[in-house]
Number of protein chains: 2
Amino acid sequence: MDKSRRPDLAAMLFPLGRALIAIEEPILTTNGLSMWAYAVLLGLGDEPVRTQAALASAIGADKSRLIPVLDDLQDRGLITRRPDPADRRVRLVRITPEGRRLRDRTQASIQRAEERLLEVLSPGDRQAFVRTLHALHESVRAADPAASPPSGD
Amino acid sequence: MDKSRRPDLAAMLFPLGRALIAIEEPILTTNGLSMWAYAVLLGLGDEPVRTQAALASAIGADKSRLIPVLDDLQDRGLITRRPDPADRRVRLVRITPEGRRLRDRTQASIQRAEERLLEVLSPGDRQAFVRTLHALHESVRAADPAASPPSGD
DNA sequence: TATTGTTATACTCTATAACTATA
DNA sequence: TATAGTTATAGAGTATAACAATA
């Protein structure tokens with residue numbers, strides 16, 4: 001710190017990401033969700049429909065990798081997947097009320113854990129950090145052509 | 001943002017990490033370094049010696065995965081690896097002047113690229129973000145028993 | 001016997017490309 | 001023919017465990 005050199009951003013971000021995964025994985029397991037399944041439920045938001053390819057790129061996944069995840073979520077009644085009457089090649093994916101409940105319950109649990117990780121920061125620093133991280137995230141997403149559409153959120 | 005729900009920390013961190021990798025990978029390639037090779041050069045710091053196992057855990061890698069990386073760096077004269085006279089099971093790994101030059105040159109290039117990513121932030125926000133990220137990184141590292149020793153830095 | 005470094009192996013994750021069904 | 005979804009396959013990355021040298 002006293003040297004003119006600061007650690008690389010990535011050198012700080014990645015250990016933090018690893019720590020987050022370590023904290024969140026047991027919570028996901030408890031709720032019967034894989035990381036990608038959780039990402040799908042988050043990615044569906046409350047919007048009624050979507051195509052699988054758009055959903056995949058929105059959460060940074062390959063469309064082929066999503067198939068077994070969607071199969072499982074559908075089997076468990078957490079999402080529905082029906083052909084679009086207008087274009088039967090397309091599947092309309094939507095989250096069910098039960099899926100929404102599980103997602104929200106899981107997210108609440110995860111965010112509580114995340115807050116504990118942030119507890120070392122002052123309330124002001126914590127708020128500023130989350131706000132800035134959000135701004136950076138938006139900026140990065142806007143720069144990525146393959147990212148989710150800039151609709152809601 | 002207007003809803004009471006904020007995005008998960010991880011949901012913001014990971015796309016940011018992906019963007020960082022996308023930015024930094026071409027720079028590393030230009031300098032003839034893999035991500036792990038770069039991590040090794042950073043992990044060696046300027047301290048004269050270290051054991052491979054400690055080096056591995058310090059950068060969050062498995063010791064077995066480091067072997068080919070060290071072999072290559074050694075072949076290229078960027079590090080030296082000699083048996084410790086005091087305990088010949090141990091290899092003393094140290095960065096060479098040439099390795100230090102390459103590392104510093106690469107890091108300068110990477111940090112310039114990182115700064116461009118941070119340019120969407122005000123100078124104050126940028127500084128606060130880096131400072132807070134550093135604090136979180138230290139906190140996480142202190143909590144991880146397998147992490148690097150709390151010696152310097 | 002315990003430990004460091006090394007090698008070999010198996011496993012997971014991810015991306016690519018062929019296949020089907022609709023248009 | 002082109003596109004959405006699906007399936008199958010190959011590749012990279014990672015972790016585990018066996019091995020050799022030294023203590």
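Proteins get letters first, then strands, A, B, ... in listed order; numbering begins at 1 in each.
Put simply, CE on A:Met35 is 15 Å from P on C:dT12, counting in whole angstrom units. Rounded to whole Å, the distance from CZ on A:Arg89 to P on D:dT6 is 14 Å. C:dT6 atom C1' lies 9 Å from atom CZ of B:Arg91, rounded to whole Å. For B:Lys63 and D:dA17, the NZ to C1' distance is 10 Å, given to the nearest whole Å. Rounded to whole Å, the distance from CG on B:Leu66 to P on C:dT7 is 13 Å. Distance A:Asp62 CG to C:dA15 P: 6 Å, rounded to the nearest Å. A straight line from CG of A:Asp87 to C1' of D:dT3 spans 8 Å, rounded to a whole angstrom. Look at CD1 on A:Ile21: it is 11 Å from P on D:dA15, rounded to the nearest Å.
Salt-bridge check for A:Arg126 with A:Glu115: passed, with a basic side-chain N closer than 4.0 Å to an acidic carboxylate O.
When atom types are taken as modelled, the side chain of A:Ser139 and the backbone of A:Ala135 share no donor-acceptor pair closer than 3.5 angstrom.
Between A:Arg65 and C:dA15, a side-chain N or O to OP1/OP2 separation shorter than 4.0 Å is present. Note on A:Arg18: every side-chain N or O is 4.0 Å or more away from OP1 and OP2 of D:dT14. At D:dT14, one or more side-chain N or O atoms of B:Trp36 fall inside 4.0 Å of OP1 or OP2 (strictly under the cut-off).
A:Ser64 contributes no side-chain N or O that forms a donor-acceptor pair with the base of C:dT14 under 3.5 Å.
Under 3.5 Å, the side chains of A:Tyr38 and B:Asp8 contain a donor-acceptor pair of N or O atoms.
Residue whose closest nucleotide on DNA chain C sits further toward the 5' end, between B:Ala53 and A:Asp84: B:Ala53. Comparing B:Gly60 and A:Leu70, the nucleotide of DNA chain D nearest to each residue sits closer to the 5' end for A:Leu70.
Closest approach of B:His134 to A:Pro7, counting heavy atoms only: CD2-CG, 3.5 Å.
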(request) Evaluate the criterion salt bridge (charged side-chain N to carboxylate O under 4.0 Å, His left out) for residue pair B:Glu138 and B:Arg141; output intermediate values, then yes/no. (result) CA-CA 5 Å; B:Glu138 288 298 316; B:Arg141 198 173 66 169; 3.5 Å; yes
